[in-house]
Number of protein chains: 2
Amino acid sequence: MGITKTALFNDTQNELALYAKVIGHPARVAILQHLIQTNQCITGELVGELGLAQATISQHLKELKALDLIKGTVEGTAVCYCINQAKWLEVRALFLDFFDTFPINNCC
Amino acid sequence: MGITKTALFNDTQNELALYAKVIGHPARVAILQHLIQTNQCITGELVGELGLAQATISQHLKELKALDLIKGTVEGTAVCYCINQAKWLEVRALFLDFFDTFPINNCC
DNA sequence: GATATTAATCGTAATATTGCAATGTAACAT
DNA sequence: ATGTTACATTGCAATATTACGATTAATATC
């Protein structure tokens, strides 16, 4: 059906899944990495860097912005994007929590 | 088109996105968490725990197994699943790397 | 062997995602 | 004012994902 039954799961599970999903595309990973490395950049730079059409990049940026992972400010005709540090640290903590609990022993 | 242009991105980006994608569903998050907490469990237990149909759970388990995140061994009519610790640590390192590099200063 | 139990697989429907061309919009430039 | 530049949005096609009923395969039990 293509629709996820979020009601069956708790908030942490849904939240983690939501952020994992947005990271779950190499273009969005590349955008985040680029923003981290350069601290900021304009959309045109990303369109040049990655090999995707402008409309596609814009769409990926929209998804990252929807989850508040990045911020954008208009600078003339250009738009400057950067990581939303507060959110980044929040999501980072979410993943660290998830990965820090791991089984010591194997079985099966 | 629904198809990701993986050729445009580097191995790390594609790998991270791939694992993020599989974590990007609350049912699979719940399965992983349950396996971590109980160290191991059979499919039927998961079907009882989460509120999804047996076929759906089986499908999610298949995806986790496809990425080698979990292992399953047949035990009579049941199948016992557990975390593949080696892979778990590998993926964990991938995400720690990704999140450990973050910008000190904000902009925009 | 017949039958129950457990889980994987198949088939299908509904929805989501990815990607881009075309178009729209806002700010700047001349 | 007109054109230009930089992005966003719209509309669409192709593919992927989610979910489940029905069926199948494998092992137990009687």
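None of the values given here were measured: they were computed from a predicted structure. Note on naming: letters A, B, ... go to the chains in the order of the sequence lines (proteins, then strands), and numbering restarts at 1 for each one. Values below: all heavy atoms of this structure, side chains included; hydrogens, waters and symmetry mates excluded.
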With sequence neighbours left out, write down each residue that passes side chain to side chain donor-acceptor pair (under 3.5 Å) with A/E63, or none if nothing qualifies.
-> A/R28
Assess whether side-chain contact (heavy atoms from CB on, under 4.5 Å) is satisfied between B/I23 and A/F99, documenting all intermediate values.
-> CA-CA 11 Å; B/I23 298 172; A/F99 279 111; 3.8 Å; yes
Name the closest nucleotide to the A/T56 side chain, picking from C/dC20, C/dA7, D/dC7.
-> C/dC20
Does the side chain of A/Y81 get closer than 4.0 angstrom to OP1 or OP2 of D/dA8 through an N or O atom?
-> yes
For atom CG of A/L67 and atom P of C/dT17, their distance in whole Å = 11 Å
What integer distance in Å separates B/K65:NZ from C/dA7:P?
-> 12 Å
Please list, pair by pair, any protein nitrogen or oxygen found under 3.5 Å from a nitrogen or oxygen in nucleotides 25-30 of chain D.
none

Take the protein atom CD1 of B/I70 and the nucleotide atom P of C/dA7, then report the distance between them rounded to whole Å.
-> 13 Å
Is the shortest heavy-atom distance from the side chain of B/L18 to the side chain of B/E15 under 4.5 Å?
-> no
Name all residues meeting the ring pair (Phe, Tyr, Trp, His ring centres under 6.0 Å) criterion together with A/Y19; count only those two or more places apart in sequence or in a different chain, and write none if there are none.
-> none
Is there a side-chain contact between B/N84 and B/W88 (heavy atoms, below 4.5 Å)?
-> no
Quick one: label A/I57 by what it contacts on the DNA or RNA (base, sugar-phosphate, nothing), any heavy atom closer than 4.0 Å.
-> nothing
Side chain to side chain contact (heavy atoms under 4.5 Å, CB included) partners of B/L61, counting only residues at least two apart | B/I31, B/T43, B/L46, B/I57, B/I70, B/Y81
At under 4.0 Å, does any side-chain N or O of B/S58 touch on OP1 or OP2 of C/dA8?
-> yes
Using a cut-off of less than 4.0 Å, is there contact between a side-chain N or O of B/H60 and OP1 or OP2 of D/dA19?
-> yes
Counterpart residues, side chain to side chain contact (heavy atoms under 4.5 Å, CB included), relative to B/T77 (two or more places apart) = none
A/E90: what forms a salt bridge (Lys or Arg N to Asp or Glu O under 4.0 Å) with it, not counting sequence neighbours?
-> A/K87
State which residues pass side chain to side chain donor-acceptor pair (under 3.5 Å) with B/Q33; sequence neighbours excluded, sorted by chain then number.
-> A/Q13
Touch class at under 4.0 angstrom, heavy-atom based, for A/T43 against every strand present = sugar-phosphate
Can you check the A/I31 CD1 to D/dC7 P distance for me, whole Å?
-> 13 Å
For A/A27, all residues meeting side chain to side chain contact (heavy atoms under 4.5 Å, CB included), sequence neighbours excluded = A/H25, A/L52, A/H60, B/F9
For atom CD of A/E45 and atom P of D/dT5, their distance in whole Å = 19 Å
So which protein nitrogen or oxygen atoms get under 3.5 Å of nucleotides 11-16 of chain C's nitrogens or oxygens?
| from | atom 1 | to | atom 2 | distance (Å) |
| --- | --- | --- | --- | --- |
| C/dA13 | N1 | A/M1 | N | 3.2 |
| C/dA14 | N3 | A/M1 | N | 3.3 |
| C/dA14 | N3 | A/M1 | O | 2.6 |
| C/dA14 | N3 | A/G2 | N | 3.2 |
| C/dT15 | O4' | A/M1 | O | 2.4 |

Sequence neighbours excluded, which residues qualify as side chain to side chain donor-acceptor pair (under 3.5 Å) partners of B/D11?
-> none
Please state whether the phosphate of C/dC20, meaning OP1 or OP2, lies under 4.0 angstrom from any side-chain nitrogen or oxygen of B/K5.
-> yes
Sub-4.0 Å heavy-atom contacts from residues 48-55 of chain A onto DNA chain D, ordered by number = A/Q54, A/A55
Rounded to the nearest angstrom, tell me the gap between atom NZ in B/K62 and atom P in D/dT17.
-> 12 Å
Residues in side chain to side chain contact (heavy atoms under 4.5 Å, CB included) with A/A78, at least two apart?
-> A/I42
At under 4.0 Å between heavy atoms, what does B/E63 touch on the DNA or RNA strands: base, sugar-phosphate, or nothing?
-> sugar-phosphate
